[in-house]
Amino acid sequence: MGNSLQGKPSADKVRVFANNDVWLEANAVAQLHTTAQLPHIHAAVGLPDLHAGRGYPIGAAFFSVGHLYPALVGGDIGCGMALWRTGLKAHKTSPARLEKLLGSQEGPLPQALLAQAQPELAALCHDAALPLPAAQLAGSLGSIGGGNHFAELLACEQLYAAPEGDGPADADAATTATTAVCAALDPKAVYLLVHSGSRGLGGAILRAQVEAHGHAGLAADTPQAQHYLMQHEAALRYARLNREAIAQRFLQALRSDGLPLLDVSHNHVLPATHDGLQGFIHRKGATPADVGPVLIPGSRGDYSYLVQPLPGCAAALNSLAHGAGRKWARSDCMGRLAPRFQASALRKTRLGSTVVCNDKALLYEEAPQAYKAIDSVIASLLEAGLVRLLARFKPLLTYKKGGQPCC
DNA sequence: ATGTAC
């Protein structure tokens with residue numbers, strides 16, 4: 001946990017936003033610096049959820065000029081968070097009741113919901129030549145996937161003082177979004193948070209890129225870059241549609257209507273201006289700070305925070321943490337936790353919430369112990385002047401995978 | 001992360 005690089009520029013173009021309480025592996029910081037040395041990269045930022053990935057770090061943002069790197073975005077193009085307010089009231093339900101209502105949400109999307117999504121699915125397939133057939137994309141729609149993806153029901157534990165409109169000065173739409181979301185917050189409501197991405201599509205797009213160009217990336221003014229950006233845009237739309245489909249099927253199971261509050265991707269590359277230069281911001285597990293309020297989830301056994309990005313985010317490539325960030329490698333979790341916890345014990349969390357996960361390996365890999373403390377991540381963002389807190393949520397039920405019980 | 005790939 002060498003934190004000597006935190007809080008100050010450790011190299012000309014690298015900055016890490018993390019206080020001394022945050023778990024930070026030297027390896028993750030090393031990956032950040034190595035990646036920052038790629039040609040055309042002008043600035044790199046590590047957020048407090050920074051952790052090591054396969055080659056490139058997660059919880060990081062990179063600004064490049066004249067060139068872009070599909071491999072930096074990774075295989076789950078468009079992965080992100082969608083937050084809905086349900087019609088349920090927290091005091092009238094319980095984790096056990098919610099678990100019973102939800103049952104298993106595996107398998108293809110109910111026909112009516114698929115039909116509802118079909119026009120947008122057809123449109124995004126029409127707008128870009130994609131490496132997967134439309135039928136496969138339809139088949140994956142409404143599926144959560146594996147890894148750290150989930151759908152979670154939460155109660156609002158605390159509302160903080162309402163903001164007074166001093167969000168980023170150049171972001172009227174963001175300020176409007178903040179006002180609208182704050183007006184929709186009901187302390188009694190149950191909320192639905194969906195974390196998922198573009199399923200097989202983003203991976204197929206990246207695979208084709210790596211096969212054609214390795215990790216060298218693409219010069220911005222080339223047909224190849226335009227081709228990738230078209231596919232990338234389709235993947236962003238597909239991931240968003242997938243989160244909406246997941247939310248709709250969960251709401252249907254809960255027999256509730258829902259109000260969408262936000263949908264924000266944290267894996268993407270977008271045109272941006274930084275230091276007066278036109279270029280691209282690559283976000284790899286980094287939440288954009290220029291689209292209004294965002295939700296930063298803790299682990300399934302921890303709180304989640306709705307925050308308003310502040311103007312100080314300009315120094316962080318307009319990026320924020322996308323969650324708590326892993327502390328332990330997936331491959332270490334079983335060995336560390338199996339001696340202390342039976343799988344069945346991991347189906348309950350310290351906050352009293354229930355975990356639906358009928359995949360034993362995943363139950364251990366995604367245990368709260370494998371993640372950083374969310375309060376250390378949020379404190380880092382607050383201390384750096386990057387966010388203001390809007391609300392704090394407590395998990396009631398985290399749904400990872402249904403089907404036959406594993407324990 | 002993945003309708004994984006070794």
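Every chain is numbered from 1 and lettered A, B, ... according to where its sequence line falls, protein lines coming before strand lines.
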Evaluate ring pair (Phe, Tyr, Trp, His ring centres under 6.0 Å) for His215(A) paired with Tyr56(A), printing each intermediate quantity in order. CA-CA 11 Å; His215(A) 284 226; Tyr56(A) 308 112; 5.7 Å; yes
Heavy atoms only, 4.0 Å cut-off, all strands: where does Arg330(A) land among base, sugar-phosphate and nothing? sugar-phosphate
With sequence neighbours excluded, tell me which residues meet salt bridge (charged side-chain N to carboxylate O under 4.0 Å, His left out) with Arg85(A). none
The criterion is salt bridge (charged side-chain N to carboxylate O under 4.0 Å, His left out); which residues satisfy it with Glu233(A), sequence neighbours excluded? none
Taking salt bridge (charged side-chain N to carboxylate O under 4.0 Å, His left out) as the definition, give me every residue that meets it alongside Arg326(A), ordered by chain and number, with sequence neighbours left out. Glu366(A)
Going by the rule salt bridge (charged side-chain N to carboxylate O under 4.0 Å, His left out), which residues pair with Arg340(A) if we only count those two or more places apart in sequence or in a different chain? none
5'-most to 3'-most nt of DNA chain B touching chain A (<4.0 Å, heavy-atom partner on protein side) reads dA1(B) to dG3(B)
Please list residues of residues 140-148 of chain A whose heavy atoms come under 4.0 Å from any atom in DNA chain B, ordered by number; otherwise none. Ser140(A), Gly145(A), Gly146(A), Gly147(A), Asn148(A)
What donor-acceptor contacts under 3.5 angstrom involve side-chain atoms of residues 270-287 of chain A, with partners at least two apart or in another chain?
residue: Thr273(A); atom: OG1; partner: Gln278(A); partner atom: OE1; Å: 2.7
residue: His282(A); atom: ND1; partner: Phe62(A); partner atom: O; Å: 3.2
residue: His282(A); atom: NE2; partner: Tyr69(A); partner atom: N; Å: 2.9
residue: Arg283(A); atom: NE; partner: Ser319(A); partner atom: OG; Å: 2.8
residue: Arg283(A); atom: NH1; partner: His268(A); partner atom: NE2; Å: 2.9
residue: Arg283(A); atom: NH2; partner: Asn318(A); partner atom: O; Å: 2.9
residue: Thr287(A); atom: OG1; partner: Ala321(A); partner atom: O; Å: 3.2

Holding to ring pair (Phe, Tyr, Trp, His ring centres under 6.0 Å), I want the full list of residues that pass it with Tyr228(A), two or more places apart in sequence or in another chain. His232(A)
If you look only at distance, which donor and acceptor atoms sit under 3.5 Å apart when one is on a side chain in residues 134-148 of chain A and the other is two or more places apart or in another chain?
residue: Ser140(A); atom: OG; partner: Gln136(A); partner atom: O; Å: 3.3
residue: Ser143(A); atom: OG; partner: Ser140(A); partner atom: O; Å: 2.5
residue: Ser143(A); atom: OG; partner: Arg199(A); partner atom: NE; Å: 2.7
residue: Ser143(A); atom: OG; partner: Arg199(A); partner atom: NH2; Å: 3.4

